[in-house]
J.: 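First the structure, which I've put down as structure tokens, then a few questions once you've had a look.
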Amino acid sequence: MIQIKPNIEQRSNCPCCGTELSPKNVFWQGIHIVLDSKCQGCGSEIIDDLRVGHGVNNYLQVNLIKEEVFAAVAYRKEWLGKPLLNSLQNPQPDKLEIVKEIFKPCNRAIILNCIDHLYGHSLLKLLNAQKHLECNSECGLVVIVPNFLRWMVPDGVAEVWTVPISLKNGQNYYPSFAEFVEEETKRFDEVYVSEAHSHPSQFDITQFTRVPKHNFEEPETRITFIWREDRLLVNRLLFRVLRKLNLRQMALPMQNLKIQQLFEKIRLQVPEAKFAVAGLGTKTKFPEWIEDYRVDSFNEKIEKEICRFYSESRLVIGLHGSNMLLPSGHAGMTIDLIDERWGNFAQDVLYQERDPRMASFRYRFLPYQTKTDTLAFIAAVMVLNWSKFKSQMTADVVNSDVVEY
């Protein structure tokens, strides 16, 4: 946590001359929480990124007058730095209708800001709430969420501020939001900002969705493919060409056929299994033996229902991306197919297994180019051997004080 009231704890150096900056006040841009700072050495006015979220290790600084962006990591300058500068130069005039819910009073508050322009980032920030509720009970937790995440805010928070900022507008600066937060923080004697780590390690997804995780004791074996239509399980070069020509939908039947072939090969090895597809997009049809739970859009009711379906799946398979977060958090096991995003390894999986040996069995990462025969074999091995594997590992650590089950 970083204190911002009554004192601003963060100290940074001027990117121009190296002199320590003097923060004047906190400025709530949206995704970013920044400090309006003055350099006593060269006189520069610097917008200094608070070290939270992606700024924990890869912070930004902006000189508005000179239109300069400084980044601790070069690629962050393009990805986050320039959009931040652009947003501050182009404030949005919309008056946001922010919903404030107060559940319990507090004088000391921790603010967890979950606004982002990517779904996965927003969700992962929210998962930080559990640690604050368990470890910082002396403070009230105030959660800022976009509308689509309100249903996942866990019980026990002091307040929820729901902001109608869509993902596509997530990088914009709304003065009405900044004014709202500035006014509301006046109610507290002390204010801290959660570091909102980009991928927290300790959480129970059921506290957020209120949906139980997979029960391996259930006799039914369902294998589910997580469908998406903007990133496809087809030849990457072909996909790029079709996307450039705005003909991406031509590849959807190819993906459909590949999934059918995969399921058919798994069924030969696991004949009792049931098969399904779930996810976003309904432009193709599957045969009747494959259950189809795809939708054209998500809302709170649908997301709750689909999480229950994920929890009934012994195994989920899908392409790397935020579409795999909730499925991996609820299903028994996961196969994550990665294209060129190996640098983002494991960022789209919500591990719900504390034993690293069992986690390595339950969560697999494979190249998306993996042949269908190989993928089907691995899926079948996971489904057919989990009980035996778990019993062997459990027997190996009987009476251990190190590993918990």
J.: Quick one: are Ile144 and Trp28 in side-chain contact, heavy atoms under 4.5 Å?
T.: yes

J.: Decide whether Thr221 and Glu272 meet the rule of one side-chain donor and one side-chain acceptor closer than 3.5 Å.
T.: no

J.: Show, in sequence, the C-alpha distance, side-chain angles and deciding distance for Ile266 and Leu315, and conclude whether the side-chain contact (heavy atoms from CB on, under 4.5 Å) test is met.
T.: CA-CA 12 Å; Ile266 296 175; Leu315 171 67; 5.6 Å; no

J.: What pairs with Arg294 under salt bridge (charged side-chain N to carboxylate O under 4.0 Å, His left out), at least two apart in sequence or on another chain?
T.: Asp292

J.: Are any non-hydrogen side-chain atoms of Thr19 and Asn13 less than 4.5 angstrom apart?
T.: no

J.: Less than 4.0 Å between a side-chain N and a carboxylate O, is that true for Arg308 and Glu312?
T.: no

J.: So do His117 and Ile31 actually touch side chain to side chain, heavy atoms under 4.5 Å?
T.: yes

J.: For the residue pair Ser166 and Phe148, establish whether any side-chain heavy-atom pair is separated by less than 4.5 Å.
T.: no

J.: Side chains of Leu35 and Leu50: closer than 4.5 Å at any heavy-atom pair?
T.: yes

J.: Would you call Asp373 and Lys265 a salt bridge, taking side-chain N to carboxylate O under 4.0 Å as the test?
T.: yes

J.: With rounding to the nearest 0.5 angstrom, report the CG to CD distance, Leu21 to Glu45.
T.: 10.0 Å

J.: Side chain to side chain contact (heavy atoms under 4.5 Å, CB included) with Tyr363: which of Gln352, Met358, Met333?
T.: Gln352

J.: Let me know which of Thr334, Ile335, Ile205 forms a side chain to side chain contact (heavy atoms under 4.5 Å, CB included) with Ser328.
T.: Thr334

J.: Does the side chain of Gln3 come under 3.5 Å of the side chain of Tyr192 through a donor N or O and an acceptor N or O?
T.: yes

J.: Would you check if the distance from the ring center of Phe203 to the ring center of Tyr351 is below 6.0 Å?
T.: no

J.: Please report the interatomic distance OG1(Thr284) to CE(Met254), rounded to the nearest 0.5 Å.
T.: 13.0 Å

J.: Could you grab the distance from atom CG of Asn169 to atom CD1 of Ile115, nearest 0.5 Å is fine?
T.: 11.5 Å

J.: Check step by step if side-chain contact (heavy atoms from CB on, under 4.5 Å) holds for Gln40 and Ser22.
T.: CA-CA 7 Å; Gln40 301 301 322; Ser22 300; 3.6 Å; yes

J.: Please find the pair of heavy atoms, one from His199 and one from Ala346, that lie closest to each other, and give the distance.
T.: NE2-O, 3.4 Å

J.: Report the residues that fulfil salt bridge (charged side-chain N to carboxylate O under 4.0 Å, His left out) with Glu220, sequence neighbours left out, ordered by chain and then residue number.
T.: Arg222, Lys274

J.: Can you list every side chain to side chain donor-acceptor pair (under 3.5 Å) pair that touches residues 155-165, not counting sequence neighbours?
T.: Asp155-Arg210, Glu159-Trp161, Glu159-Arg187

J.: For Glu218, give me all partners under salt bridge (charged side-chain N to carboxylate O under 4.0 Å, His left out), at least two apart in sequence or on another chain.
T.: none

J.: If you take all heavy atoms of Val145 and Val160, which pair is closest and at what distance?
T.: CG2-CG1, 3.9 Å

J.: Could you tell me whether Lys24 atom NZ has more than 12 heavy atoms of other residues or ligands within 6.0 Å of it?
T.: yes

J.: Aromatic rings Trp289 and Phe275: how do their planes relate, parallel, tilted or perpendicular, breaks at 30° and 60°?
T.: perpendicular

J.: Taking only residues two or more places apart in sequence or in another chain, which ones pass side-chain contact (heavy atoms from CB on, under 4.5 Å) with Phe377?
T.: Gln269, Val381

J.: Go through it in stages, so that I can follow the logic: the residues are Phe177 and Ile98, the test is side-chain contact (heavy atoms from CB on, under 4.5 Å), and I'd like the CA-CA distance, side-chain angles, deciding distance and then a yes or no.
T.: CA-CA 8 Å; Phe177 168 71; Ile98 300 171; 4.0 Å; yes

J.: Taking atom types as modelled and ignoring hydrogens, do the side chains of Asn86 and Asn90 form a donor-acceptor contact shorter than 3.5 angstrom?
T.: yes

J.: List the steps, then state whether side-chain contact (heavy atoms from CB on, under 4.5 Å) holds for Ile290 with Gln260.
T.: CA-CA 8 Å; Ile290 298 176; Gln260 291 187 50; 4.0 Å; yes

J.: Find out whether His330 and Val211 are in side-chain contact, i.e. whether some heavy atom of one side chain is under 4.5 Å from a heavy atom of the other.
T.: yes

J.: Sort and list the pairs that fulfil ring-ring contact (aromatic ring centres under 6.0 Å, His included) and have at least one residue in residues 307-329, not counting sequence neighbours.
T.: Tyr293-Phe309

J.: What is the distance from atom CG of Leu141 to atom CG of Leu133, rounded to the nearest 0.5 Å?
T.: 5.0 Å

J.: Quick check for you: to the nearest 0.5 Å, what is the distance between Ile338 atom CD1 and Thr370 atom OG1?
T.: 10.0 Å

J.: If I compare all heavy atoms of Met250 with all of Pro253, which pair ends up nearest, and what's the gap?
T.: O-CD, 3.4 Å

J.: Any side-chain heavy atom of Leu280 within less than 4.5 Å of one from Asn323?
T.: no

J.: Side chains of Ser12 and Asp48: donor-acceptor distance under 3.5 Å anywhere?
T.: yes

J.: Closest approach of Val191 and Thr185, non-hydrogen atoms and distance?
T.: CG2-O, 4.1 Å

J.: Pairs in or reaching into residues 105-122: which pass salt bridge (charged side-chain N to carboxylate O under 4.0 Å, His left out), with residues at least two apart or in two chains?
T.: Arg108-Glu190, Asp116-Lys125

J.: Please list all pairs meeting salt bridge (charged side-chain N to carboxylate O under 4.0 Å, His left out) that have one or both residues in residues 55-68, counting only residues at least two apart or in different chains.
T.: none

J.: Any side-chain donor-acceptor pair under 3.5 Å between His121 and Ser198?
T.: no

J.: Between His214 and Trp386, is the gap from one ring center to the other below 6.0 Å?
T.: no

J.: Can you name the nearest heavy-atom pair linking Val69 to Gly81, along with the distance?
T.: CG1-CA, 3.6 Å

J.: Among all residues two or more places apart in sequence or in another chain, which pass the side-chain contact (heavy atoms from CB on, under 4.5 Å) test with Lys131?
T.: Cys135

J.: Test: salt bridge (charged side-chain N to carboxylate O under 4.0 Å, His left out). Region: residues 161-172. Which pairs qualify, not counting sequence neighbours?
T.: none

J.: Does a donor on one side chain sit under 3.5 Å from an acceptor on the other, for Thr224 and Arg314?
T.: no

J.: Can you tell me how far CD of Gln171 sits from NE2 of His32, rounded to the nearest 0.5 angstrom?
T.: 7.0 Å

J.: What I want to check is whether the side chains of Asp204 and Gln130 have a donor and an acceptor closer together than 3.5 Å.
T.: no

J.: Hey, can you tell me if Tyr173 and Phe27 have their rings parallel, tilted or perpendicular (30° and 60° cut-offs)?
T.: tilted

J.: With sequence neighbours excluded, give me every salt bridge (charged side-chain N to carboxylate O under 4.0 Å, His left out) pair touching residues 132-154.
T.: Glu101-Arg150

J.: The criterion is side-chain contact (heavy atoms from CB on, under 4.5 Å); which residues satisfy it with Lys301, sequence neighbours excluded?
T.: Asn299, Glu305

J.: Does Val163 reach the side chain of Pro146, with side-chain heavy atoms less than 4.5 Å apart?
T.: no

